[in-house]
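Reviewing the structure listed below.
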Amino acid sequence: PAGLVAGIEAEYPLDSFERPEYAGGTAMTDSGVRLGLGTCSQRRQAAEFSVNTPTFFYEFNDRNIPLQLSLGTSAAVPIPAGLSPGAYHAGDLAYTVGFALVDALTPKQQALSDEIVRYWGAFAASGDPDVRDQAAWPAYTTGAQKMISFEVGGSRQSTGFDEAKEHHCDFWDAQSL
């Protein structure tokens with residue numbers, strides 16, 4: 001619809017991005033239009049889950065993930081020259097289950113991987129992902145909207161409100177997609 005296109009153009013002006021492709025990719029990532037996997041749609045799902053069960057929400061924020069090899073062909077996934085895939089969907093799997101990469105993780109990325117694995121291990125063992133000497137990972141609730149942001153150099157607590165602004169969630173929540 002024309003109104004939606006105009007709204008997307010207003011939310012993601014091309015001159016705010018290094019390349020036009022990044023505007024489109026950011027809108028797709030934020031919206032969850034494709035497959036329902038996106039920051040804003042996942043935020044809504046976390047809120048729904050948190051009504052009935054302890055819910056822990058995270059955002060993976062390493063924008064320099066090495067490319068993963070294709071699970072089907074073991075070949076590098078082609079990326080057009082000059083483009084950066086950023087923190088792409090499922091990129092965090094290399095940090096948790098060791099998917100094969102084109103290049104090895106840097107020492108700082110390996111430290112982030114170790115940190116994430118400790119969180120997952122604590123959660124599997126106790127239902128609570130908190131780990132001593134790491135940033136506390138609070139339960140997500142519709143009121144507080146607290147979460148963890150996995151970042152090279154040390155993860156940190158974040159709030160859904162911060163992420164909602166960064167990802168234009170007010171705009172996407174208003175759409176009926």
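It should be emphasised that the depicted structure is a prediction, and the values quoted were computed from it without experimental measurement.
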Provide the full list of salt bridge (Lys or Arg N to Asp or Glu O under 4.0 Å) pairs with a residue in residues 77-97, sequence neighbours left out, each pair given once. none
Report the residues that fulfil side chain to side chain contact (heavy atoms under 4.5 Å, CB included) with Thr26, sequence neighbours left out, ordered by chain and then residue number. Tyr12, Phe17, Asp30
For Tyr22, all residues meeting ring pair (Phe, Tyr, Trp, His ring centres under 6.0 Å), sequence neighbours excluded: none
Check side-chain hydrogen bond (donor to acceptor under 3.5 Å, both in side chains) between Thr73 and all other residues, then give those that pass, not counting sequence neighbours. Ser70
Does anything in residues 123-134 pair up under side-chain hydrogen bond (donor to acceptor under 3.5 Å, both in side chains), and if so which pairs, sequence neighbours excluded? Arg118-Gln134
Can you tell me which residue pairs pass the salt bridge (Lys or Arg N to Asp or Glu O under 4.0 Å) test with a partner in residues 8-19, sequence neighbours excluded? Arg19-Glu21
Not counting sequence neighbours, list each pair that qualifies as a side-chain hydrogen bond (donor to acceptor under 3.5 Å, both in side chains) and has a residue in residues 93-105. Asp62-Tyr95, Tyr95-Gln109
Taking salt bridge (Lys or Arg N to Asp or Glu O under 4.0 Å) as the cut-off, I'd like each qualifying pair that reaches into residues 63-90, sequence neighbours left out, listed once. Arg63-Glu166
For Thr55, enumerate each residue passing the side-chain hydrogen bond (donor to acceptor under 3.5 Å, both in side chains) test, keeping only those at least two apart in sequence or located in another chain. none
For Val97, which residues count as a side chain to side chain contact (heavy atoms under 4.5 Å, CB included) partner, sequence neighbours excluded? Leu93, Phe99
Kindly assign one of parallel, tilted or perpendicular to the pair Tyr58 and Phe150, based on the angle between their ring planes and the thresholds 30° and 60°. tilted
With Ala122 via side chain to side chain contact (heavy atoms under 4.5 Å, CB included) - residues at least two apart: Val131
Partners of Leu67 by side chain to side chain contact (heavy atoms under 4.5 Å, CB included), sequence neighbours excluded? Ile79, Pro85, Tyr88, Val102
Quick one, Phe56 with Phe123, criterion ring-ring contact (aromatic ring centres under 6.0 Å, His included). Give me CA distance, side-chain angles, the key distance, then yes/no. CA-CA 10 Å; Phe56 298 92; Phe123 183 74; 5.7 Å; yes
